[in-house]
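Report on the following structure.
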2 protein chains.
Amino acid sequence: MATIKDVAALAGVSVSTVSRVINASGYVDSKTGERVLAAVEALDYRPSRIARTLVTRRSGTIGLILPDITNPFFPEVARGAEDEAYRHGYNLILCNSDWKLEKETLYLGILRQQCVEGVILVSTKLTEERLTEECRSLPPLVVIDRTITLDIHSISSNNVGGAALATKHLLVQGYRRIAHIAGPASSISARQRLEGYHRTMAEAGLPVDPALVVEGDYRLGGGKKAMARLLALTEPPEAVFCANDMMAVGALEQLQESDRCAPADMAVVGYDGIDLTRYVHPRLTTVIQPTYQMGERAVQLLLETIKGNESFQHIELEPRLAIGDSSVRRDGP
Amino acid sequence: MATIKDVAALAGVSVSTVSRVINASGYVDSKTGERVLAAVEALDYRPSRIARTLVTRRSGTIGLILPDITNPFFPEVARGAEDEAYRHGYNLILCNSDWKLEKETLYLGILRQQCVEGVILVSTKLTEERLTEECRSLPPLVVIDRTITLDIHSISSNNVGGAALATKHLLVQGYRRIAHIAGPASSISARQRLEGYHRTMAEAGLPVDPALVVEGDYRLGGGKKAMARLLALTEPPEAVFCANDMMAVGALEQLQESDRCAPADMAVVGYDGIDLTRYVHPRLTTVIQPTYQMGERAVQLLLETIKGNESFQHIELEPRLAIGDSSVRRDGP
DNA sequence: CTGAAAGCGCTTACAG
DNA sequence: CTGAAAGCGCTTACAG
């Protein structure tokens, strides 16, 4: 590998001059510039980012800590982030935290050593206190999918509003006895979606039978079990809004296994907008989260902060409803 | 951020000594060691990987270039690679090439500047010549999902064997008129799976009607169209082996839209083993590729090479058949 | 417009 | 067992 010294020697100038031309900084005679460029070309010289980082403190890398790239929700976030990073000459270091606090903390430390210019934390388990503490010794931080009140950038999607979208859709279809398969109460997004459901029902003047709200685990099995419980009720619901797609798919499976089908026997709506919803039968009505944009905006925020913007932002993106076949009343409202 | 100098000053020793204790290299008095460790603790000192890399040339990072993390095939590979990297204290830089030669080349250059210790290239479009050329100026390279004959590490899965697995399964079920929805001829894996199909049919002494081999595009739409063509034949097949799962799902959709169903009217088998196959109805029989292991082994190979192993390896992993409901003959063979 | 020098934060022989 | 010095490959004031 050629170094800046080799280029300088070949071009017959000092390393300072080479540095100036490759960075287009300071004055340099056009003739000299050409000679340097020729030498760069001849030696296939590529400046070492490592050396550059050591002096400038700018590594051109961003850390992305997410729970599990294998979970259908996260590749989109990663892709949005990587695309935006790419456009600005940045690279992404990918870290899977497995929803574990220790792995998050560990990676945060490693990324700091790695001299990343910013970190994106998706669905973090860290408390706000720890986060603010980390922020002192850390490069800029953006938290995705977690509402943060303190002085940390955050990007989230409107879960209350999204749940309202789903619930209203069912109301518009003419359903009144609407159940909710909720996510685990430990999850903030699950609580928010539950709230959106309750709020919308209340606004419509409809009381919610407590038996119609069943807690699931955000996984297929949980959705299945929850649906079984709903079907076992003396008066089962006409429709169910599930807090995520995996549970909705589980609910559909349970319906089928009980020889019923959606939407004829019960309307089903999911949440997230993962690919699977398009391939399942009946095609699932769902609330699509702007996952790609979340990753994209996170990098944008980081870049602005690196460039000196001081103000903390809390961006809330809007999900949108995608109507499939699983919730549409065929006989009309 | 505290530096090694700060630690040295606080502990009252030289930076050389600090370096020795944090790297556990060379002799150091236990008392001195303790003092240094105490200083490290007190200052929350974390050695800069950047500075260390500059002198040791070991950055602790590996580059992963794959076509698109959003494509269901790749997150598993990435996860396998990241897990193995994590175990050895390495980090992964994620790059999406969008199946484009230019992006691959560009990233290869950037990763070199970033001083990664190795690069994993998934489904590369680069020619073998270009690849060997790159290898001269580059850190160790491992190519995944692409058979390479030259002196480059490669990890692939046995596509011919996997296709044979699928085809034999259909034969065992008693089907004789077996069609193949192939992937695009430009894809090596598609050609290999086609070969596995042909070879198995020949071994069984069954001639293949050319009309039964239809080329698709590895996407849902292509599978749908191909199935439509098969259904339009005067003598449609009894079973079809699809070169990937997305096309198989498309084929299932077309069957359903034509008021037929699998496996009663036609048996369907896919390839890849993406999650979707488990949620589709009927549950799809498919050939599961060892994607996680491919990523894992790739990092292992890289690490061995970094440690000095000179011999080039071509690892071929074996896929396995997962029998679902889409291909099982209910009335018995 | 150009070059010499210092320095970024480490590691690594080399003396002692 | 410990420290002074050189050096990794750059950038950045500072002279000239």
Side-chain angles (χ1 to χ4, degrees), chain A residues 1-37 39-40 43-61 89 109-117 137 139, chain B residues 1-37 39-40 43-61 89 109-117 137 139:
Chain A
M1 282 284 303
T3 73
I4 197 171
K5 277 188 186 170
D6 303 320
V7 176
L10 185 61
V13 295
S14 71
V15 294
S16 319
T17 301
V18 175
S19 177
R20 268 182 225 111
V21 352
I22 60 178
N23 292 304
S25 66
Y27 301 97
V28 45
D29 184 274
S30 63
K31 292 257 167 61
T32 318
E34 279 165 30
R35 255 189 306 145
V36 171
L37 256 18
V40 165
L43 297 170
D44 187 27
Y45 168 67
R46 303 287 202 113
S48 155
R49 282 228 197 185
I50 296 296
R52 184 177 283 178
T53 300
L54 190 57
V55 16
T56 64
R57 320 262 82 193
R58 309 194 57 239
S59 63
T61 58
I110 293 171
L111 291 175
R112 173 150 64 114
Q113 290 184 267
Q114 207 67 266
C115 201
V116 297
E117 292 185 51
S137 54
Chain B
M1 281 285 300
T3 74
I4 197 172
K5 277 188 189 168
D6 302 321
V7 176
L10 186 60
V13 295
S14 71
V15 294
S16 319
T17 301
V18 176
S19 178
R20 268 182 225 109
V21 352
I22 60 179
N23 292 304
S25 66
Y27 301 98
V28 44
D29 184 271
S30 63
K31 292 261 167 60
T32 319
E34 278 166 31
R35 254 189 307 144
V36 171
L37 257 17
V40 165
L43 297 171
D44 187 28
Y45 169 67
R46 304 288 202 111
S48 157
R49 282 230 197 183
I50 295 297
R52 182 176 286 177
T53 301
L54 190 57
V55 14
T56 62
R57 321 261 82 193
R58 308 194 57 239
S59 63
T61 58
I110 293 170
L111 290 175
R112 171 149 65 111
Q113 295 189 60
Q114 208 67 265
C115 201
V116 296
E117 291 184 52
S137 55

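Below, read A as the first sequence line, B as the second, and so on, with proteins coming before strands; counting in each chain starts at 1.
- B:Arg57 and B:Glu117 get closest at one heavy-atom pair: O-CG, 4.4 Å.
- Comparing C:dC1, D:dC10, C:dC10 against the side chain of A:Arg52 picks out D:dC10 as the nearest.
- Within the 4.0 Å cut-off from OP1 or OP2 of C:dG3, not a single side-chain nitrogen or oxygen of A:Tyr27 is found.
- Within the nucleic acid shown, A:Thr3 comes within 4.0 Å of sugar-phosphate atoms alone, with no base atom in reach, counting heavy atoms only.
- Dashed line: the shortest gap from a side-chain N or O of A:Thr56 to OP1 or OP2 of D:dC10 is not under 4.0 Å.
- Side-chain contact between B:Gln113 and A:Pro47: present, with at least one pair of heavy atoms (C-beta onward) separated by less than 4.5 Å.
- One interatomic measurement links the two molecules: CG of B:Leu43 to C1' of C:dG9, which rounds to 15 Å at whole-angstrom precision.
- When rounded to the nearest whole Å, the span between CG of A:Asp6 and C1' of D:dC8 equals 13 Å.
- When all heavy atoms of A:Thr53 and A:Cys115 are compared, the pair lying nearest together is CG2-SG, 3.9 Å.
- Within the structure, a side-chain polar atom (N or O) of A:Ser14 is placed less than 4.0 Å from OP1 or OP2 of C:dG3.
- The side chain of B:Ser19 contributes an N or O atom lying less than 4.0 Å from OP1 or OP2 of C:dT11.
- Rounded to an integer number of Å, the gap from B:Arg57 CZ to D:dG9 C1' is 8 Å.
- Between B:Ile22 and B:Tyr45 the shortest heavy-atom distance is CD1-CE2, 3.9 Å.
- The interatomic distance linking B:Met1 (CE) with C:dC8 (C1') rounds to 13 Å, in whole Å.
- Taking both residues in full, the closest heavy atoms of A:Asp6 and A:Thr3 are given as OD2-N, 2.7 Å, listed atom of the first, atom of the second, then distance.
- Rounded to a whole Å, the OH atom of B:Tyr45 is 7 Å from the C1' atom of C:dG9.
- Atom CZ of A:Arg58 and atom P of D:dT12 are 10 Å apart (whole Å).
- When all heavy atoms are compared, the tightest approach of B:Val21 to B:Val36 is CG2-CG1, 3.6 Å.
- On a pure distance criterion of 3.5 Å, a polar donor-acceptor pair joins the side chain of A:Arg20 and the base of C:dG3.
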**Report entry** Dot-bracket line, read 5' to 3' along DNA chain D, where crossing pairs take [ ] and | marks a partner on another strand, Watson-Crick or G-U under 3.5 Å
**Finding:** |||.||||||||.|||
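- Place B:Leu54 and B:Ser16 on DNA chain C by their nearest nucleotides, and B:Leu54 ends up nearer the 5' end.
- Heavy-atom nearest nucleotides on DNA chain D were determined for B:Val13 and for A:Pro47, and the one closer to the 5' end corresponds to B:Val13.
- The interatomic distance linking B:Lys5 (NZ) with C:dA6 (C1') rounds to 11 Å, in whole Å.
- Within 4.0 Å (heavy atoms only), A:Thr32 reaches sugar-phosphate atoms of the nucleic acid but no base atom.
- If you check D:dT2, D:dC10, C:dT2 against the side chain of B:Asp29, the one that comes closest is D:dT2.
- One N or O on the side chain of B:Arg35 and one on the backbone of B:Ala11 form a donor-acceptor pair closer than 3.5 Å.
- Taking only side-chain atoms of A:Ile4, from C-beta outward, the nucleotide of D:dC1, C:dC1, D:dT11 with the closest atom is D:dT11.
- When distances are taken from the side chain of B:Thr17 to each of D:dT12, C:dC1, D:dT2, the shortest belongs to D:dT2.
- Contact between B:Gln114 and A:Thr61 at its shortest, heavy atoms only, is NE2-CG2, 3.8 Å.
- If you take CZ of A:Arg35 and C1' of C:dC1, they are 12 Å apart, rounded to a whole angstrom.
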